[in-house]
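Worksheet for the structure shown next.
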Amino acid sequence: MEKEIPKTYTASDWEEQLYAKWEESGFFNPDTCIEKGVTEKDAPPFSIVLPPPNVTGTLHTGSACMLAIEDLIVRYHRMKGDRTLWIPGTDHSAIATQAKVERLLLEEEGKTRHDFSREAFLERVQKFAADNQERILYQVRKLGASVDWSRLAFTLDEKRALAVRTAFKKMYEDGIIYRGERIVNWDPKLQTTVSDDEVDHREEHSPLYYLQYGPFVISTARPETKFGDKYVVVHPADERYQAYTDGQQIKLEWINGPVTATVIKDEVIDPTFGTGAMTITPWHDATDFDIATRHHLDWEPIISEAGLLLPVAGEFAGMPISEAREKIVRKLETKGLLVKTDDTYLHNIAINSRGGGIIEPQIKKQWWISVNKEFEREGKIVTLKSLMQQAVHSKEITIIPERFEKTYFHWIDNLRDWCISRQIWYGHRIPVWYRGEETYCGIEAPAGDGWEQDPDTLDTWFSSGLWTFSTLGWPAHSQASVAGRPGPENDFANYHPTTLIESGYDILFFWMARMILMTEYFFGKAPFKTIYLHGLVRDEDGRKMSKSLDNIIDPLDVIAKHGTDALRLALVLGSTPGNDLRLSDEKITAMRNLVNKLWNIGRYISQQETDSGEQEKTKSDADYWILSRLQNTTSEVTRLLENYQLSLAAETLRDFTWNQFADWYVEVHKVEKNDTVLHHVFITLLKLWHPFMPFVTEALWETFGHQTKNLLMVERWPTDQDSKIHSSFQIVIGLIQDIRSIKAFYRIDPVTKLNLTVHKNSQKMIQNCAVLFKHLARIENIHFSEEIPLHTVLAQSETLQVFIELDGVIDFATEKKRLEKEITTKEKYIASLETKLSNQNFLERAKPDIIAAEKEKLSDVQEQIKNFTKHLASLSS
RNA sequence: GCACGCUUAGCUCAGUUGGUUAGAGCACCUCGUUUACACCGAGGGGGUCCAAGGUUCGAGUCCUUGAGCGUGCACCA
């Protein structure tokens, strides 16, 4: 090669142009692969959707982890010859995006959304989303993701809007979606409801007040909600309150004057908490709401949606909660109603996890998906809950790691109806119109005058729940799509249901569960076969990355410094599904070194004279050895990838690349010069590595592969031949290592060449590779003899023995000690093997191959110890 | 409260039907610039696999209990 190849691989010199080449080739699109003959028309499909990143977010290490894993799997399947489709997209993330834009408007222009018309505000949000989308998609490219850009989707685009409205309409007509007045999680800050799953809990100390409520003492952490309380609830079996009967009315003095309280007996009360008596505020507490519903009690609002006290609070009306609480407590105190205050009380406050405020439960009329409504499915009565359970229970879906199945079932057990309406503006509008008493649900607005559309929008996860099929042409093309025909209009038939979904375990409920719900409901099947959950990426101290800790690792910084391949490997190697992983500089550096190692193997190969006219050389022991190792590696890596054991696959490859190929075979090649084998192993290795480190392998392929014009990306995945190759070279390696070790032990300069004698019994094995052996072990002369010279040092590997001539160089007293120590170690081992093999139970119950292996071990060690002993004796003579 | 996970070499972690004398990377020690690579090479030290019981011929791996750390869900008057 004329081209000067740099000693180190500089990722930034390659990555951009390589990605451009891949993209231009069209091979990210399975239709192009079929068209160009890379993939068979009837090859098995492999489809996966990219978990759509938040359109206004930035790519974090978690997304990088996701992209690394998915691209790895996708590239493997594409090379394997599967019809591989990976659909990219972004999510409008309704609340998160709107909240962000609102914050920016306030900061930059001092305006709120109410300073705009709904349309004008949405225009601003859409512009912001569009601008940001470009950035996030650029980042996806930087990671090397081989997604089919021609099928790019957005959860809020036209096609998805049609899917959303179609889905809503069907569920509405089936009565699965209903409108109902129930208690909801209300965020006073963002002025919207959120679902149960979007609520985070934070522990907080707040005073627990004990208040005199007529003859009862009740406790509360929220005195500001107590104005309307006219029910006092006790456990029916609580003896302290036996004197009071259910429904009994009691007149008593309360915050703003006399009230009539009614006694309610309900088993939900925990008699051991506080005094065992409590008053209820059904409008602002879910448990209270349940009690009120059960006993048909009245309810009224105390706090407005803006978080201010209502007229029922009398003199406190109009105050925000924070201000009112203290004043109310003071008034209760002066009235003598405050019994005591417990300052040690710890309770959870609910927060909107989407950057919102403290949740204030309210009763509101909202849209819901009923998860418990029974309906008929193939002659059976089912519910959405049971369908979701069945999908995993029947193993139609496998979750990796398996333990998340339990978490999933537990979540479903606690699942309540899903509140899907939001009061924010950004999102899919609820496709329902009202006119007087009439309600209309449809894809389009109804004909006629006077119809008003529901102002609410849908929970962003409603549209995400449809993602696996809304991206595959449903509903526009799903009916007419034909399996086996190319083109996006046939995607539904070709690729639905998808093969795999991959994401962090933190969105198992938000997203996976909802996709299962939707797909099971609409199609009676699961949206994917396998769920692969990766862990959270943490900093090197194991902390979650966050802005406040200032410990965020930006994937783009890592890429700029060490390259995408190094980053991807750092996220894949040494990590297991479902377990968090720590990302450290050391780890990324180590991976960069691995990338560079492969690069330098390529560099070595490029410097060899490739004499194409030369006849293929006869294969040596070492050649057979590396070929058999390659074969093992190929089959092992393939097996591991099929089982989604990505880290082990990478580790297997690293071991082969570095410890077998680079450390031994490249050194062999310097002597034996078998270019054909060297090249073959390297080329195969590039293919095997490609899914893990796509850039450097493609770069090497381009530079050194040159026997084909194709991109490595669409080369065929290597298969292992059936023929088993045998080679004794591994034993020679062991011998060389033993010789080196002996040299180091005696502090002999490694460069020093030694002479040795080989017993006739081992002659053949050494002679087969004599030149090579001499070079690698630094041997000057080899004598073959039945007579072993006196005063030598024994080096052995399995049955192979050589005698190093070191008379006059070393102290044989030391050598005796060394041998004695070796013998002692081995004797211990023999003892443990003998114990095992003399155990009748072991012989009767262990599998025969295990017993045979143990016996072989024993005889091997016995042989070695015999050699040592014999040699020790010769030293003494 | 219910559930799940982690605890293996100084550090970070692998170890998938229980079966080589328990592994890797980094770090450490000794030696080395041999023309692929010092982002390197050769050699080496280092572990009662959290504890205690149990099942088994055999346990890092399975069961029970406990400890420490972490996570999810529920409750929270």
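The analysis underlying the following values was restricted to heavy atoms, covering all of them including side chains, and did not include hydrogens, waters or symmetry mates. Per chain, numbering begins at 1; letters A, B, ... match sequence-line order.
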Under a 4.0 Å heavy-atom criterion, the protein footprint on nucleotides 17-24 of chain B, written with B, S and -, is --BSB--S
Which listed nucleotide (B/rG72, B/rG5, B/rC31) is nearest to the side chain of A/Arg403? B/rG5
Rounded off to whole Å, could you give me the CH2-to-C1' distance for the A/Trp664 and B/rG43 pair? 12 Å
Specify the separation, in whole Å, of atom CG of A/Asn593 and atom C1' of B/rC37. 10 Å
Give the nucleotide from the list B/rA42, B/rU16, B/rA36 with an atom nearest to the side chain of A/Arg740. B/rA42
CG of A/Leu508 versus C1' of B/rG5: gap in Å, rounded? 15 Å
Quick note, A/Gln737 side chain, CB onward, closest among B/rU34, B/rG43, B/rC4 is B/rG43
Once you apply a heavy-atom cut-off of 4.0 Å, does A/Gly574 come out as touching a base, just sugar-phosphate, or nothing? sugar-phosphate
Can you see if the side chain of A/Asn579 gets near the phosphate of B/rA14 - specifically, an N or O under 4.0 Å from OP1 or OP2? yes
Counting only side-chain nitrogens and oxygens, does A/Thr407 get under 4.0 Å of the OP1 or OP2 atom of B/rC73? no
For atom NE2 of A/His347 and atom P of B/rA74, their distance in whole Å: 17 Å
Choose from B/rC39, B/rA14, B/rG43 the nucleotide whose nearest atom is closest to any side-chain atom of A/Ser741. B/rG43
Whole angstrom is fine here: how far is it from CG in A/Asn841 over to P in B/rU55? 14 Å
Rounded distance (Å) that lies between atom P of B/rC26 and atom NZ of A/Lys597: 11 Å
So what does A/Asn414 touch, heavy atoms closer than 4.0 Å: a base, only the sugar-phosphate, or nothing? sugar-phosphate
Quick check: on RNA chain B, is the nucleotide nearest A/Pro577 upstream (toward 5') of the one nearest A/Leu594, or the reverse? Name the residue that is more 5'. A/Pro577
Length of the line joining A/Tyr746:OH and B/rC31:P, which is rounded to integer Å: 19 Å
Nearest to the side chain of A/Glu586 - B/rU16, B/rU34, B/rC26? B/rC26
Between A/Thr262 and A/Tyr231 (side chain of the first, backbone of the second, donor and acceptor by atom type, cut-off under 3.5 Å), is there such a pair? no
Below 4.0 Å: OP1/OP2 of B/rC39 and any side-chain N or O of A/Arg592: no
Would you tell me if any nitrogen or oxygen in the side chain of A/Arg747 comes within less than 4.0 Å of OP1 or OP2 on B/rC31? no
For RNA chain B, list all stems, counting runs of three or more consecutive pairs where every pair is Watson-Crick or G-U wobble with both distances under 3.5 Å. B:1-7 with B:67-73, B:10-13 with B:23-26, B:28-32 with B:40-44, B:50-54 with B:62-66
Run A/Val732 and A/Ile736 through side-chain contact (heavy atoms from CB on, under 4.5 Å) and show every step you take. CA-CA 6 Å; A/Val732 177; A/Ile736 294 167; 3.9 Å; yes
d(CG, A/Leu571; P, B/rU12) in whole Å: 18 Å
Considering only side-chain heavy atoms of A/Thr287, which listed nucleotide, B/rG43, B/rC76, B/rG41, is closest? B/rC76
So does A/Ile559 get a backbone contact from the side chain of A/Thr564, meaning a donor-acceptor N/O pair under 3.5 Å? no
Side chain of A/Ala590 only, please: which of B/rC26, B/rC4, B/rU16 is the nearest? B/rC26
